[in-house]
Amino acid sequence: MRIGVLTSGGDAPGMNATIRAVVRAAIASNDKIFGIFDGYRGLVEGKFQEFSRKDVSEILNKGGTILGTARLPEFKYETVRQLAVKQLQKNDIEALICIGGDGTYTGALRLHEMGIKTIGIPGTIDNDIASTDLTIGFSTALNTACEAIDKLRDTSSSHQRCSIIEVMGRYCGDLALYSGICCGAEYIITNDTGFDKQKLLEDLKQNRLAGRRHAIVVISEHLTDVYQLAKEVEQYSGYECRATILGYVQRGGAPTPEDRLLAARLGKYSVDLLHEGITGVCVGIRKNQVCYTPIEEALAMKRKPNEELFKLVQKIS
Ligand code: ADP
C-alpha cells in the first residue's frame, strides 16, 4: 500500500512516537509511507515526503510533532477537500492515517466518504474522545500538571495560602479530575462537577476557621475568570489566594512511558487494520485492549467522566 500520515489540530506529546510507530509498521509490511506536513493544509498543498525508518529515528522521546500541525477551517468545504483528494491521487496514495482530536476525525470521515481509506488515531492532551479510554498525550499532560500543582502546594503551605490552579480541558474535565486526585486537591471543579461559587467560598472560609493552613483548588479552563475568583476568595475566606493558569506548558515535553506505549500500540494497529481492509474507523484502547470504532459512531458518542473517580471528588457541585 501507499499510505500517508499526518498530525492535525492541537499538538500533543506522543504524536512523534505515533508517527514513528506508523512509519515502522508500514515499512515492516512492505508499504510505502509518506509524511504529510502541516495537517490538512499540507495535504491540500501537496507537502508530502516519503519516509524511511531513518526519518523517524531519534523522535520517540520528543514532544511536539516533526510533521507540524495546522488548522484549516476551510477543510469543511468539499471543494477544498477535492484538492486534497487530487493530491493523494497524484501521488497514488490510497490510505491516510490522521493523528489528532475530534476535528481531525471529522476531516478524516469526510475524506473517507470521498473514497479515501482513513484511520484516526487519538492524539490530544484533553482525553476528550469518547471511543477510547485514553488519548495519546493525556498521560504526559497529567504528569506536567501534577508536577506544577505539587510545586504550588509547597509554596501554598509555607505561606498559608489558597492556590487556584487552572488546567486545560475545555470540554473534558479529565485533566482537572485526575490531577486533582493525584495531588490531593481540596476542590476539583470541572464541567461535570458544575461550579457553585458561593459554596466554594463558604467551604474555604470554614477551612480557614478550622485552622487548615492551605487549600488547593484545581479547575478546568474557561469555567470562570480564576484571577477574579482568587480576589473573591481572599475577601470572603480570609486566605491569601493566588491563581495560576498552567496554559500551554501542558502541551509540551517528552512523552511519558504510558503515552509512548499507547503510541506504539495504536500506530501498529492502524497499519494492521488498513491491511485487513478496515477503514473509516478510529482506533483506541478500552480495558487495556486495542479497539476500533467507526469514526461516525465515535463522533456521536458522548464522553462521560470515569464514574468511580468522579465519585471520589464530588465536593463542589
Ligand atoms: P482537533 O483535531 O484537535 O479537535 P481542530 O478542531 O482544530 O482540532 O480540527 C483540526 C482540523 O480538522 C481543522 O483545522 C480542519 O482542517 C479539520 N476539521 C475540523 N472540523 C472539520 C469539519 N467539520 N469538516 C472537515 N474538516 C474539519
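Both counts, for ligands and for their atoms, begin at 1 and track the order of listing. We count residues from 1, following the sequence as given. None of the values given here were measured: they were computed from a predicted structure.
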Original post:
When you check the gap from the basic side-chain N to the acidic O, do Lys231 and Glu234 get nearer than 4.0 Å?
Top reply: no
**OP:** Identify the protein heavy atom lying closest to atom 8 (O) of ligand 1, giving its residue, its atom name and the separation to 0.1 Å.
**Re:** Gly9 CA, 3.3 Å
Subject >> Between Tyr40 and Phe75, ring centroids under 6.0 Å >> reply: yes
Original post:
Do Glu166 and Ser220 touch side chain to side chain, with heavy atoms closer than 4.5 Å?
Top reply: no
Original post:
Of all the atoms in ligand 1, which lie at a distance below 4.0 Å from a heavy atom belonging to Arg71?
Top reply: 5 (P), 7 (O), 8 (O), 14 (O)
Original post:
Which ligand 1 atoms, with their elements, are less than 4.0 angstrom from a heavy-atom of Gly10?
Top reply: 3 (O)
Original post:
Of all the atoms in ligand 1, which lie at a distance below 4.0 Å from a heavy atom belonging to Lys76?
Top reply: 22 (C), 24 (N), 25 (C)
**OP:** Would you indicate which of Ser8, Gly103, Gly120, Cys98 comes nearest to atom 17 (C) of ligand 1 when only heavy atoms are counted?
**Re:** Gly103
Subject >> For Ala26 against Ile3, the heavy-atom pair lying closest together >> reply: CB-CD1, 4.5 Å
**OP:** Please state which part of Tyr40 comes within less than 4.0 Å of ligand 1, counting heavy atoms only: side chain, backbone, both or neither.
**Re:** side chain
Original post:
How far apart are the C-alpha atoms of Arg2 and Glu94, what are their side-chain angles, what is the distance that settles it, and do they pass the salt bridge (Lys or Arg N to Asp or Glu O under 4.0 Å) test?
Top reply: CA-CA 6 Å; Arg2 288 167 71 87; Glu94 62 195 287; over 6 Å; no
Original post:
Hey, do the aromatic rings of Phe138 and Tyr178 have their centres closer than 6.0 Å?
Top reply: yes
**OP:** Verify side chain to side chain contact (heavy atoms under 4.5 Å, CB included) between Tyr171 and Asp126, making sure each step is shown before the conclusion.
**Re:** CA-CA 8 Å; Tyr171 302 110; Asp126 288 346; over 6 Å; no
Original post:
Is the closest heavy-atom distance from Asp102 to ligand 1 below 4.0 Å?
Top reply: yes
**OP:** Using a strict cut-off of 4.0 Å, indicate which atoms of ligand 1 neighbour a heavy atom of Thr106.
**Re:** 21 (C), 22 (C), 23 (N), 24 (N)
Subject >> Distance filter under 4.0 Å to Gly101 heavy atoms, resulting ligand 1 atoms >> reply: 1 (P), 2 (O), 3 (O), 4 (O)
Subject >> Heteroatom distance test (Thr104, ligand 1): nitrogen or oxygen, under 3.5 angstrom >> reply: yes
Original post:
Considering only protein heavy atoms, which is closest to atom 14 (O) of ligand 1, and at what distance to one decimal place?
Top reply: Leu72 N, 2.7 Å
Original post:
What are the two closest heavy atoms between Ile188 and Ala176, and how far apart are they?
Top reply: CG2-O, 3.7 Å
**OP:** Is it possible for you to check whether Lys205 lies under 6.0 Å from the centre of the six-membered ring of Tyr236, through NZ or CZ, and within 45° of that ring's axis?
**Re:** yes
Subject >> Any N or O of Gly100 closer than 3.5 Å to N or O of ligand 1 >> reply: no
**OP:** State whether the shortest distance between N or O atoms of Ala70 and N or O atoms of ligand 1 falls below 3.5 angstrom.
**Re:** no
